[in-house]
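To start, the structure under review is shown below, and the notes come after it.
Order of appearance sets the numbers: ligands from 1, and atoms from 1 within every ligand. This is a predicted model, so every value here is computed, not measured.
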Amino acid sequence: MTPVSATSVSTDITATPEWTALTEHHAAVEPRHLRALFADDPHRAEALTFAGADLVADFSKHRITGETLELLTALARRAGVPERTEAMFRGEHINTSEDRAVLHTALRLPRAADLVVDGQDVVADVHAVLDRMSAFADRVRSGEWTGHTGQRIRTVVNIGIGGSDLGPVMAYEALRDYARRDLECRFVSNIDPTDLSETVSDLDPATTLFLVSSKTFTTQETLTNARNARAWLLDNLGAGDEAIAKHFAAVSTNAEKVAEFGISTDNMFGFWDWVGGRYSVDSAIGLSLMCAVGPDNFRAFLAGMHAMDVHFRETPLERNLPAVAGLLNVWYSNFFGTDTHAVLPYSQYLHRLPAYLQQLTMESNGKSVRGDGTPVTTTTGEIFWGEPGTNGQHAFYQLLHQGTRLVPADFIGFGEPNHELPGDGPDPAAPDMHDLFMANLFAQTAALAFGKTAEEIAEEGTPADVIPHKVMPGNRPTTTILAPKLTPSVLGQLIAFYEHVTFVEGTIWGIDSFDQWGVELGKVMAKQFGPALYAADPPDAGLDQSTASLIARYRAYRGR
Ligand code: F6P
């Protein structure tokens, strides 16, 4: 078998014998019900449950057999997953369309590790920035860092969008239990003026610190919000530009633009072009999170990511958590024809995880051409969505259980709760609230897998005309991911797990999961359209009929 090139993929994976074998295998597996698969093998759950770092993933409720995994891992080998994984970790330029290394894994290497890429000691660079971030976060947390009027900082406002927002806000929400309660973080991302206005409306500028986070420092949303935040601060403090150094810091790869904005590079924390926006929560982009949870917890978060990196790099594909999960996503997308993938964390703290994963997976794998520019020959990308359980149960699970669409889902749960509250009353033998919560997770995955037949429903005395409505078809695939407790390390493991899942899928499809050219056109057009909305005498912007009439209506609303 010839694996494809490690950096650029040009093989049409659908034309390989491994793909053909999976197509034939799918025809045999598709009609089988999970009830039968479990009945046939009393050791199925054990055989299809794998561990990596602190995570345990039960893949047994998937529509697979042992042979499916063998065929999928053969496909991964044909696609060059092991070689490309090594190329990524070594710092080869696997982001071919931007000619860049993809080294988010280097952001969590321990200090003693060794990695030189393009002549640069990457580990030393990473830890130098981490040390500066730690010193800064400690000063903010201890109150040593004071604002212009000498008061300590009570609110850190991160201004950023996409990867410069979603990672920090998701992780901050996830780790609230580890954060100082007297130092709040808020996040402004949208160019909708409502976002900044509402965020600062009850803040005291004297105790507010803005972190302007933008890899490029050219993003319209972020710079517009940052300029307005600066005006709000100076107006409300009644101060001049000398106050900026006490209330603004920047996180960016672009020192020149940061200085141009008026933030001293002494207050700037850098990272590198080999960190993609959606892979940057563990870079200086995580500074707001570090201010909230402290440097030690932030380093534990990085150590968790590193533990998952080691698992991914060193574990055979057959029991490698991200590899198996990524291959199953390919199995459903390409062989069962599913479009969407639900992520259902049984943790209120993880309520922003689905939004974070939307950027991670969809900006990475929503591509139509392979690495060499030729069109893909199968569907790519999955539409990720979800809500924390049990809220989702009372909203959209009906469709998961009885709808006509097949939606593979990840259920994520924890052993220890972050909060202990009684459940069914004062009896110490009764389940506590977390037991009730987790019972829902286990019940949902079992109901999705095994359903309830017409015979079983009839036995309960259900009237015949109602029976069809109550039949639960089952055979709905889920992965259950469990961890002992939601800690900084476990959160890091989960994020790295999904990063590598995304990488495995992208490698099978032969696409560049690390560029995002598809977001550019809209940005350029929004800038071009601006004058048509506000200019007294709008230039001919060559607008199409529909857009021209919508903008005319908008101008009328604004009295223009
Ligand atoms: O949406 C496109 C994008 O480039 C994302 O990839 C990125 O995370 C986001 O914009 C923000 O970019 P920046 O950090 O450069 O402001």
TODO: Go through ligand 1 atom by atom and flag the ones less than 4.0 Å from a non-hydrogen atom of V519.
DONE: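 Those of ligand 1 that fall under 4.0 Å from V519 are 1 (O), 2 (C).
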TODO: Report, in ascending order of atom number, the atoms of ligand 1 lying under 4.0 Å from any heavy atom of G162.
DONE: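 The atoms of ligand 1 under 4.0 Å from a heavy atom of G162 are 8 (O).
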Return the residue, atom name and 0.1 Å-rounded distance of the protein heavy atom closest to [atom].
| atom | answer |
| --- | --- |
| atom 12 (O) of ligand 1 | T219 OG1, 3.6 Å |
| atom 9 (C) of ligand 1 | I161 O, 3.7 Å |
| atom 8 (O) of ligand 1 | G163 N, 2.7 Å |

Task: Aromatic F269 / basic R132 pairing, under 6.0 angstrom, 45° off normal - done: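 Yes; both conditions hold, so R132 lies above the ring face of F269.
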- [ ] Flag this pair as yes if the NZ/CZ of R230 is under 6.0 angstrom from the six-membered ring centre of F261 and inside a 45 degree cone about the axis; otherwise no.
- [x]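 Yes, R230 lies over the aromatic ring of F261.
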Open item on the list: Does E363 form a salt bridge (Lys or Arg N to Asp or Glu O under 4.0 Å) with R278? I'd like the steps, not just the answer.
Closed with: CA-CA 8 Å; E363 199 170 79; R278 53 196 175 273; 2.8 Å; yes
- [ ] Check T216 against ligand 1 and report side chain, backbone, both or neither, counting heavy atoms closer than 4.0 Å.
- [x]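 The answer is both, backbone and side chain.
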Open item on the list: Tell me the nearest of K523, K215, R278 to atom 3 (C) of ligand 1, using heavy-atom distances.
Closed with: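 Of the listed residues, K523 has the closest heavy atom.
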Open item on the list: I want to confirm something. Looking only at heavy atoms, which of K257, Q516, E363 is nearest to atom 5 (C) of ligand 1?
Closed with: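 When every heavy atom of K257, Q516, E363 is considered, E363 comes closest to atom 5 (C) of ligand 1.
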Open item on the list: For Q359, state whether at least one heavy atom is located under 4.0 Å from any atom of ligand 1.
Closed with: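 For ligand 1, residue contact (heavy atoms, under 4.0 Å) with Q359 is present.
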Open item on the list: Determine whether R405 and D339 satisfy the following criterion, salt bridge (Lys or Arg N to Asp or Glu O under 4.0 Å), listing intermediate values before the conclusion.
Closed with: CA-CA 9 Å; R405 296 171 194 279; D339 285 323; 5.1 Å; no
TODO: Could you tell me whether the side chain of T380 and the main chain of K367 form a donor-acceptor pair under 3.5 Å?
DONE: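 Here the side-chain-to-backbone pair exists.
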- [ ] Please confirm whether Y498 and Y356 have ring centers closer than 6.0 angstrom.
- [x]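 They do not qualify: ring centres at least 6.0 Å apart.
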Please table the atom pairs, donor to acceptor, closer than 3.5 Å between any side-chain atom in residues 286-313 and protein atoms at least two apart or in another chain.
unit_1	atom_1	unit_2	atom_2	d
N297	ND2	V293	O	2.9
R299	NH2	D131	OD1	3.1
R299	NH2	S134	OG	3.0
D309	OD1	R108	NH2	2.9
D309	OD1	H500	NE2	2.8
D309	OD2	R108	NE	2.7
H311	ND1	T315	OG1	3.1
H311	NE2	L321	N	2.9
R313	NE	E86	OE1	3.4
R313	NE	E86	OE2	3.0
R313	NH2	E86	OE1	2.9

